[in-house]
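The next block holds one structure in the form of structure tokens; read it before the comments.
Letters A, B, ... are given to chains in the order of the sequence lines, protein chains preceding strands, and every chain is numbered from 1.
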2 protein chains.
Amino acid sequence: MAAQTQPKQAEAKLLVVEDDANILELLSASLRFAGFDVSTATSGSAAVSAAKNSTPDLVVLDVMLPDLDGFEVIRLMREGGQRTPVVFLTARDGTDDKIRGLTLGGDDYVTKPFSLEELTARIRAVLRRTTQGDEEPSRLVFADLELDEETHEVYRAGQRVQLSPTEFKLLRYLMLNANRVLSKAQILDHVWKYDFRGDDNIVESYISYLRRKVDNVQPRLIHTLRGVGYVLRKPAV
Amino acid sequence: MAAQTQPKQAEAKLLVVEDDANILELLSASLRFAGFDVSTATSGSAAVSAAKNSTPDLVVLDVMLPDLDGFEVIRLMREGGQRTPVVFLTARDGTDDKIRGLTLGGDDYVTKPFSLEELTARIRAVLRRTTQGDEEPSRLVFADLELDEETHEVYRAGQRVQLSPTEFKLLRYLMLNANRVLSKAQILDHVWKYDFRGDDNIVESYISYLRRKVDNVQPRLIHTLRGVGYVLRKPAV
DNA sequence: ACGGCGGCTGAAAGTTTTCTGAGAGGCCGC
DNA sequence: GCGGCCTCTCAGAAAACTTTCAGCCGCCGT
């Protein structure tokens with residue numbers, strides 16, 4: 001789906017390490033769909049040997065694993081001389097001592113429960129930072145709409161627009177999927193945390209907020225397809 | 001990340017000597033990420049031969065090592081004719097006689113536990129002093145904000161401002177990463193000592209102090225990105 | 001033209017995040 | 001040992017954001 005919009009990073013090899021089968025399935029399916037080359041492991045030791053064999057470009061790693069914990073996994077991987085960047089998945093309570101220092105080597109972390117947009121945004125950001133050479137742009141552009149993933153700045157027709165976190169995530173998702181029709185269910189699945197149990201109306205609300213903030217000038221870019229979903233596109237000729 | 005902001009020193013070769021695996025990992029990851037070319041050793045003898053082979057521009061050296069102590073290492077290195085500058089890592093009790101006089105030869109030391117900003121600032125300072133030719137500026141400037149790393153003087157709009165040590169470190173970190181969004185976790189990881197176990201609120205407190213002291217005039221430079229972090233930047237156009 | 005469904009949006013309630021004043025405790029210099 | 005600065009914590013207030021709800025509107029099919 002997002003494959004076309006992530007030209008270089010799309011083919012990046014990810015190793016996803018997570019012992020919860022549901023979450024692993026969720027992650028590998030959607031990351032594959034996003035164009036990544038995904039392999040998986042469900043334990044720390046499996047992860048270490050998988051990393052040795054497949055030399056992933058980035059590891060998505062649950063810190064809580066049945067055997068080794070995530071920090072051990074990284075230690076072992078790096079002892080072998082690998083410098084693979086990591087996005088850690090951690091429990092909500094940031095009081096875990098070891099979480100300190102996670103952002104140091106260009107790595108990052110995402111707390112559970114997360115939204116898929118959040119996770120893929122972090123993955124993109126870390127790959128951007130750690131991939132030398134070909135500079136991935138952090139700026140999404142569609143028509144006269146611009147969104148900078150690093151600085152969180154959004155412009156419409158050159159004007160700076162302030163967005164709340166959810167508005168920002170929703171707009172990024174629409175832009176990454178420009179010209180593709182997205183159902184409310186899809187949007188909910190990607191932009192909201194995976195444990196969200198509210199209904200579709202919240203998507204309508206946020207589309208409404210976004211329209212007010214970034215789609216209040218001609219030409220209109222956010223379109224409703226009644227009974228189907230929403231799409232970001234330039235008006236028909 | 002900080003790579004772009006350390007143009008010349010960035011490529012400097014460092015040899016990091018430290019026997020504690022956790023701290024070594026912490027150091028090598030973040031110094032590499034800061035753009036240094038890092039090699040490591042975990043014992044004094046290994047350090048001596050590593051220094052012979054790789055001729056680093058600077059050595060980061062734990063004084064307390066399993067075999068030789070740091071001073072021995074340096075003595076052996078220098079017997080071989082090398083005049084590599086050193087930043088020592090020492091235990092808290094600065095009463096150790098040998099530490100006296102360390103700063104005489106252009107070297108310096110940092111006591112454990114340290115913050116990464118503290119260490120990288122010392123490394124920058126020593127490199128600045130010992131690298132002839134291309135003068136690294138010790139003065140950071142952003143808009144009408146100026147910070148001198150050597151004299152610890154800070155000016156906003158030409159006015160001298162007094163900052164406490166932590167305020168100074170925080171501001172320097174923000175300035176070194178101007179226009180880059182920094183999460184509270186990142187700030188904590190870089191500005192606070194690695195054994196700090198408090199929570200994010202302390203970052204908010206210090207941002208508040210800084211705002212009062214250096215950001216109480218227009219235009220505001222320290223901005224909050226709700227749910228994301230802080231950024232030092234000039235207001236939107 | 002009518003009724004019904006889907007969508008839009010204002011408003012209110014609920015929640016989270018950030019800001020900041022106050023104060024405890026530690027360290028340092030005198 | 002005292003006073004002053006500094007760091008860190010706590011808690012309340014303020015602000016921002018999220019979610020829900022309900023009424024309205026307009027499209028669509030009959």
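Atom CG in A/Asp215 sits about 16 Å away from atom C1' in C/dT9, given to the nearest Å. A/Ile202 has its CD1 atom 6 Å from the C1' atom of D/dT18, to the nearest Å. Distance A/Lys169 NZ to D/dC17 P: 12 Å, rounded to the nearest Å. Rounded to whole Å, the distance from CD on A/Glu167 to P on D/dA16 is 13 Å. Summarising the geometry, the separation between CG on B/Leu163 and P on D/dC5 is reported as 15 Å, rounded to the nearest angstrom. If you take CG of B/Leu170 and C1' of D/dT7, they are 13 Å apart, rounded to a whole angstrom. Regarding B/Asp200, its CG atom lies at a distance of 14 Å from the C1' atom of D/dT9, rounded to whole Å.
Residue order along DNA chain D, read from the 5' end via each residue's closest nucleotide, puts B/Pro165 first among B/Pro165 and A/Trp192.
Using cut-offs of 30° and 60° for the angle between ring planes, the B/Tyr209 and B/Tyr206 rings count as perpendicular.
Salt-bridge check for A/Arg172 with A/Glu149: passed, with a basic side-chain N closer than 4.0 Å to an acidic carboxylate O. Classification of B/Asp215 and B/Arg156 as a salt-bridged pair holds, one side-chain N sitting under 4.0 Å from a carboxylate O.
Here A/Ser164 reaches the OP1 or OP2 of D/dT18: one of its side-chain N or O atoms lies under 4.0 Å away.
Qualifying side-chain contact (heavy atoms from CB on, under 4.5 Å) partners for B/His152, counting only residues two or more places apart in sequence or in other chains: B/Phe168. Among residues two or more places apart in sequence or in another chain, the side chain to side chain donor-acceptor pair (under 3.5 Å) test is passed with B/Asp62 by B/Lys112. In this view, A/Arg32 satisfies the salt bridge (charged side-chain N to carboxylate O under 4.0 Å, His left out) rule with no residue, not counting sequence neighbours.
Donor-acceptor pairing under 3.5 Å is recorded for the side chains of B/Asn201 and B/Glu204.
Pairs passing the ring-ring contact (aromatic ring centres under 6.0 Å, His included) check and including a residue from residues 101-123 of chain A, sequence neighbours excluded, read A/Phe114-A/Tyr194.
For residues 111-119 of chain A, proximity to DNA chain C is found at no residue, defined as any non-hydrogen atom under 4.0 angstrom from a strand atom.
Checking side-chain atoms of B/Asp148 against main-chain N and O of B/Glu153 turns up no donor-acceptor pair under 3.5 Å.
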A correct 5'-to-3' footprint of nucleotides 13-30 of chain C, with B, S and - meaning base, sugar-phosphate only and no protein heavy atom under 4.0 Å, is ----BSBBS---------
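Residue contacts shown for A/Phe196 are limited to sugar-phosphate atoms, with no base heavy atom under 4.0 Å away.
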